[in-house]
Amino acid sequence: MSLPVPVCTSGPFSWSDGRGRAIIVGSLTPHSGGSMAKGITKRSDDYSQWYIDVVLKGEMADYSPVKGCMVIRPNGYGVWENIQRNLDRMFKETGHVNAYFPMLIPESFLKKEAEHVEGFAPECAVVTHAGGKLLEEPLVIRPTSETIIWAMYKNWINSYRDLPILINQWANVCRWEMRTRLFLRTTEFLWQEGHTAHATHEEAEEETYKMVHVYKTFAEEYLAMPVIAGKKTDQEKFAGALHTYCIEAMMQDGRALQAGTSHHLGQNFAKAFDVKFQDAEKNLTYVHASSWGVSTRLIGALIMTHSDDNGLVIPPKLAPLPVVFVPIWRNDDEKATVLGRAREITADWDPLFFKIDDRDQYKPGYKFAEWEVKGIPIRIEIGPRDCQNNEVVVVRRDTSEKITMPMNGLITNLRKLLEDIQANLFNVAKHRLDTHTRDCVSYEEYVANVEEGGFYRIHWCGDRACEDRLKEETRSTIRCIPFDAPEESGVCMLCGKPSSRRVIAAQAY
RNA sequence: CGGGGCGUGGCGCAGCCCGGUAGCGCACCUGCUUUGGGAGCAGGGGGCCGCUGGUUCAAAUCCAGUCGCCCCGACCA
């Protein structure tokens with residue numbers, strides 16, 4: 001798969017990473033000025049090393065002394081704060097409230113739901129000692145909070161008048177994974193988990209469906225990352241759920257990344273924790289549940305969707321710092337003039353919107369490179385010449401385009417430009433997704449191509465056996481059954497049995 | 001758990017084969033000159049060479065253990 005990808009100002013290109021995987025690049029070539037990105041592996045040379053380099057050089061995160069854990073640095077945490085702020089608003093606008101449940105969960109709680117314990121037991125960290133003594137009952141560090149939350153809901157729910165409960169929490173969780181990757185899969189990670197309780201199956205279903213669409217909207221509007229929303233296969237669903245909905249994104253190397261999930265838990269947890277309510281007709285019934293979450297993995301998704309060989313590219317809506325001024329001077333007089341004008345221009349601006357990089361110890365070129373690697377959406381160069389002409393040079397991170405703008409009314413033009421950048425990032429990513437999603441009929445064709453990345457729309461009979469075979473033979477999985485997949489009769493790509501709609505299959509992170 | 005790589009000033013590495021008491025680049029500090037794409041020169045500070053044991057007059061170097069980290073695969077958001 002090496003379909004051309006149009007970009008804004010430079011030519012389309014696509015290349016291989018030397019292991020046969022196509023690197024699908026929707027961003028820009030390095031601009032004039034030679035090799036900019038010191039110490040960043042090119043995507044074409046080694047995509048996964050590129051990702052690590054970008055995360056570290058962009059100061060998003062750093063490795064911690066404990067294997068599999070990471071420190072989220074201010075640049076990365078700033079993105080997370082923006083994700084939180086915007087998502088949190090969307091949750092509250094849909095009627096949810098925040099609460100906080102404890103991190104330590106009695107081990108016995110985890111065991112109450114059979115499928116749940118089976119799914120999570122292997123990856124739980126367990127506290128056995130505390131206060132210098134062996135604990136009577138070990139405490140599990142939450143891998144997710146369903147059990148502790150439902151143990152509490154039991155106390156809070158008596159009547160249909162107590163329902164629905166629409167609680168979200170922002171928290172850390174711990175899952176002992178075999179292999180970790182910065183942001184994408186770490187031992188401890190930050191996330192939000194919504195846990196709702198409803199009187200009926202239909203209400204819980206409506207909630208589950210609604211929240212996956214909140215995620216889709218958020219991913220597309222804020223992360224500028226197009227996603228495919230759909231339903232997971234039974235094999236891929238959450239441990240303890242009736243079914244799981246998800247959003248799936250495509251990274252620049254064509255691999256799929258699950259970016260958010262929403263589970264319809266049915267009455268499984270209500271039964272496990274004996275949570276019943278009395279309805280209007282005086283019947284005692286088990287409560288229906290949903291849970292849904294996104295994590296700091298979104299930051300990894302963001303990076304792998306937009307960043308380039310020069311470093312991070314952060315969408316304006318989530319950038320901790322949207323605009324940076326790099327003043328240029330040759331002597332103290334010029335320094336005074338240039339800084340004076342910069343401060344004058346920005347006098348009534350929101351201080352969180354911009355920064356004037358007046359550090360003395362670095363030359364402008366150094367600063368350009370630094371802010372570039374950190375993914376700041378807009379850099380403004382302001383020097384003596386600009387001051388004379390009452391203008392500034394504005395450079396956008398996504399295309400490297402330099403635009404001269406008058407000092408007068410600058411903020412208005414910048415806001416417009418930030419919107420353009422946001423839209424452009426989405427459009428480039430959307431085009432990549434569209435052009436690298438293709439119908440596939442024959443298994444031979446699939447096997448021959450799937451290694452190169454991209455999404456494949458295939459017919460699947462729905463049998464577990466075919467799904468297992470696909471995974472076994474191609475190291476790819478059925479990512480989801482898209483909500484918008486049209487009814488279409490066909491035959492299963494693997495076994496030839498009838499199928500009524502296509503599913504998305506791909507190699508995934 | 002398998003495969004690969006690596007542990008030497010803050011970071012990246014050389015030195016190890018052929019033992020002789022540690023070096024380079026970046027970063028850092030001081031000063032001067034510089035400043036529109038990662039500045040130059042001069043001077044300076046900083047390392048029980050991952051850990052333990054062994055061989056030896058002498059170990060970063062040889063031997064035996066051991067611990068840790070990263071990358072690639074099997075599980076997962």
Side-chain angles (χ1 to χ4, degrees), chain A residues 19 30-41 46-49 51-53 56-57 62-70 119-124 143-144 173-193 215 232 235-239 244 246-249 256-263 291-301 310-311 326-332 334-335 338 358-373 379-387 392-393 395 400 402 404 471-472 475 477 508-509:
Chain A
R19 269 181 259 150
H31 37 85
S32 58
S35 143
M36 289 293 103
K38 264 190 201 161
I40 296 181
T41 304
D46 184 342
Y47 187 78
S48 84
Q49 188 58 47
Y51 172 76
I52 292 159
D53 290 347
L56 296 177
K57 301 278 176 187
D62 203 352
Y63 291 110
S64 88
V66 176
K67 182 185 171 77
C69 292
M70 69 179 210
F120 282 104
E123 51 191 81
C124 285
T144 179
V173 287
C174 194
R175 297 183 186 176
W176 218 262
E177 303 290 351
M178 289 184 249
R179 194 158 120 54
T180 55
R181 290 168 78 97
L182 295 166
F183 287 114
L184 299 178
R185 186 177 302 106
T186 46
T187 300
E188 178 190 1
F189 57 95
L190 305 183
W191 76 346
Q192 63 59 221
E193 45 182 330
Y215 290 152
K232 282 287 181 194
Q235 179 162 218
E236 301 277 332
K237 76 179 167 126
F238 178 75
T244 290
C246 65
I247 52 173
E248 293 281 329
L257 184 79
Q258 179 174 302
T261 48
S262 181
H263 319 290
S291 72
W292 28 272
V294 296
S295 71
T296 37
R297 167 179 263 201
L298 286 180
I299 297 174
N310 292 326
V326 177
I328 295 148
W329 63 76
R330 276 165 304 198
N331 52 52
D332 285 349
E334 286 184 354
K335 179 179 176 182
V338 168
D358 59 359
R359 289 175 299 174
D360 241 334
Q361 66 271 37
Y362 297 115
K363 286 178 50 171
Y366 181 93
K367 296 177 183 176
F368 295 168
E370 178 178 332
W371 294 114
E372 194 161 81
V373 152
R379 173 180 84 236
I380 298 179
E381 303 175 10
I382 176 169
R385 285 204 302 274
D386 305 306
C387 289
V392 293
V393 176
V395 187
S400 302
K402 290 196 175 191
T404 301
K471 194 170 183 176
E472 180 88 11
R475 290 192 301 156
T477 45
Y509 276 95

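Chain letters run A, B, ... following the sequence lines, proteins first and then strands; every chain starts at 1. Values below: all heavy atoms of this structure, side chains included; hydrogens, waters and symmetry mates excluded.
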Worksheet item: Roughly how far apart, to the nearest Å, are B:G53 and B:C72 at atom C1'?
Response: 34 Å
Discussion item. Between C1' on B:A74 and CD on A:E472, what's the gap in Å once rounded to a whole number?
Written reply: 10 Å
Discussion item. Over all strands shown, is A:P122 touching base, sugar-phosphate only, or nothing at heavy-atom distances under 4.0 angstrom?
Written reply: nothing
Discussion item. Rounding to an integer number of Å, can you tell me how far A:H263 NE2 sits from B:C76 P?
Written reply: 13 Å
Item to complete: Using a heavy-atom cut-off of under 4.0 Å over every strand shown, decide if A:I52 touches base, sugar-phosphate, or nothing.
Response: sugar-phosphate
Item to complete: Look at atom CH2 of A:W176 and say whether more than 12 heavy atoms of other residues, nucleotides or ligands are closer to it than 6.0 Å.
Response: no
Discussion item. Using the C1' atom as the point on both nucleotides, what is the distance between B:G50 and B:U8, in whole Å?
Written reply: 10 Å
Item to complete: Starting from P on B:G36, measure out to CH2 on A:W371 and report it in whole angstrom.
Response: 18 Å
Worksheet item: Any side-chain N or O of A:R297 less than 4.0 Å from the OP1 or OP2 oxygen of B:C76?
Response: no
Practice prompt. Nearest 0.5 Å please: distance from the CG atom of A:D358 over to the NZ atom of A:K335.
Written response: 7.0 Å
Item to complete: Using the criterion of both pairing distances under 3.5 Å for Watson-Crick and G-U wobble pairs, give all stems of 3 or more consecutive pairs involving RNA chain B.
Response: B:1-7 with B:67-73, B:10-13 with B:23-26, B:28-33 with B:39-44, B:50-54 with B:62-66
Worksheet item: Hey, is CG on A:N331 packed in by over 12 heavy atoms from elsewhere, all under 6.0 Å?
Response: yes
Practice prompt. Find the distance A:D46:CG to B:C72:C1' and express it as a whole number of Å.
Written response: 10 Å
Worksheet, complete the sentence: Against the side chain of A:E381, the closest entry in B:U35, B:G37, B:C76 is B:G37
Worksheet item: Are A:T144 and B:A77 close enough that a side-chain N or O sits under 4.0 Å from OP1 or OP2?
Response: no
Worksheet item: Any side-chain heavy-atom pair from A:F238 and A:T261 closer than 4.5 angstrom?
Response: no
Worksheet item: Partners of A:Y51 by side-chain hydrogen bond (donor to acceptor under 3.5 Å, both in side chains), sequence neighbours excluded?
Response: none
Worksheet item: With a 4.0 Å cut-off on heavy atoms, is A:E370 in touch with a base, just the backbone sugar-phosphate, or nothing at all?
Response: base
Worksheet item: Roughly how far apart, to the nearest Å, are B:G10 and B:G47 at atom C1'?
Response: 11 Å
Worksheet item: A:F189 near the nucleic acid: base, sugar-phosphate alone, or nothing, with a heavy-atom cut-off under 4.0 Å?
Response: base
Discussion item. Checking contacts here: which listed nucleotide (B:G37, B:C75, B:G36) is nearest the side-chain heavy atoms of A:D386?
Written reply: B:G36
Discussion item. Contact between A:F189 and A:R175 at the side-chain level, heavy atoms closer than 4.5 Å - yes or no?
Written reply: yes
Discussion item. Any base atoms under 4.0 Å from A:K402, or only sugar-phosphate, or nothing? Heavy atoms, all strands.
Written reply: base
Worksheet item: A:E123: what forms a salt bridge (charged side-chain N to carboxylate O under 4.0 Å, His left out) with it, not counting sequence neighbours?
Response: none
Practice prompt. Determine the interatomic distance between P on B:C70 and the same-named atom on B:C24; round to the nearest Å.
Written response: 31 Å
Practice prompt. Classify the side-chain pair A:Q235/A:K471 by whether it contains a donor and acceptor separated by less than 3.5 Å.
Written response: no
Practice prompt. Calculate the interatomic distance between A:R385 atom CZ and B:G36 atom P; express it in whole Å.
Written response: 10 Å
Report, one line per pair, each donor and acceptor closer than 3.5 Å where one atom sits in a side chain of residues 179-188 of chain A; sequence neighbours left out.
residue: A:T186; atom: OG1; partner: A:E188; partner atom: O; Å: 2.8
residue: A:T187; atom: OG1; partner: A:G68; partner atom: O; Å: 3.4
residue: A:E188; atom: OE2; partner: A:N172; partner atom: ND2; Å: 2.9

Worksheet item: Taking OH from A:Y51 and P from B:C70, how many angstroms apart are they, rounded to a whole number?
Response: 14 Å
Worksheet item: Can you check the A:I247 CD1 to B:A77 C1' distance for me, whole Å?
Response: 11 Å
Practice prompt. For the side chain of A:R330, starting at C-beta, report the closest nucleotide among B:G37, B:C75, B:U35.
Written response: B:U35
Worksheet item: A:I380 CD1 to B:G37 P: how many Å, rounded?
Response: 17 Å
Fill in: N or O in side chain of A:R179 less than 4.0 angstrom from B:C76 OP1/OP2
no
Discussion item. I'd like to know if A:R175 reaches the base of B:C76 with its side chain such that a donor and an acceptor end up less than 3.5 angstrom apart.
Written reply: no
Discussion item. Please list all pairs meeting side chain to side chain donor-acceptor pair (under 3.5 Å) that have one or both residues in residues 362-371 of chain A, counting only residues at least two apart or in different chains.
Written reply: A:D357-A:W371, A:R359-A:E370, A:E370-A:K374
Discussion item. Work out how far the C1' atom of B:G4 is from that of B:G20, and round it to whole angstrom.
Written reply: 35 Å
Discussion item. Nearest heavy atom decides the nucleotide; on that basis, is A:L182 or A:S295 closer to the 5' end of RNA chain B?
Written reply: A:L182
Discussion item. Can you tell me which nucleotide in B:A74, B:A77, B:C71 comes closest to the side chain of A:R475?
Written reply: B:A74
Worksheet item: When the C1' atoms of B:G9 and B:U35 are considered, how many whole Å apart are they?
Response: 31 Å
Worksheet item: B:C18 and B:U61: how far apart are their P atoms, nearest whole angstrom?
Response: 14 Å
Worksheet item: So what does A:E177 hit on the nucleic acid, given a heavy-atom distance under 4.0 Å: a base, only sugar-phosphate, or nothing?
Response: base
Worksheet item: For A:T186, which contact category applies under a 4.0 Å heavy-atom criterion: base, sugar-phosphate, or nothing?
Response: base
Worksheet item: When we call it a touch if two heavy atoms are under 4.0 Å apart, what does A:R181 touch: a base, just sugar-phosphate, or nothing?
Response: sugar-phosphate
Fill in: Distance below 4.0 Å between A:K363 side-chain N/O and B:G38 OP1 or OP2
no
Worksheet item: Rounding to the closest angstrom, what is the interatomic distance between B:G3 and B:A74 at atom P?
Response: 16 Å
Discussion item. What contact category does A:V393 fall into here, base, sugar-phosphate, or nothing, at under 4.0 angstrom with non-hydrogen atoms?
Written reply: base
Discussion item. On the nucleotide B:G37, are OP1 or OP2 found under 4.0 Å from the side-chain N or O atoms that A:Y362 carries?
Written reply: no
Discussion item. According to side-chain contact (heavy atoms from CB on, under 4.5 Å), who are the partners of A:I328, at least two apart in sequence or on a separate chain?
Written reply: A:P364, A:F368, A:E381
Worksheet item: Quick one: which of B:C72, B:A74, B:C75 gets closest to the side chain of A:S48?
Response: B:C72
Fill in: Comparing A:K367 and A:D360 on RNA chain B - which has the more 5′ nearest nucleotide
A:D360
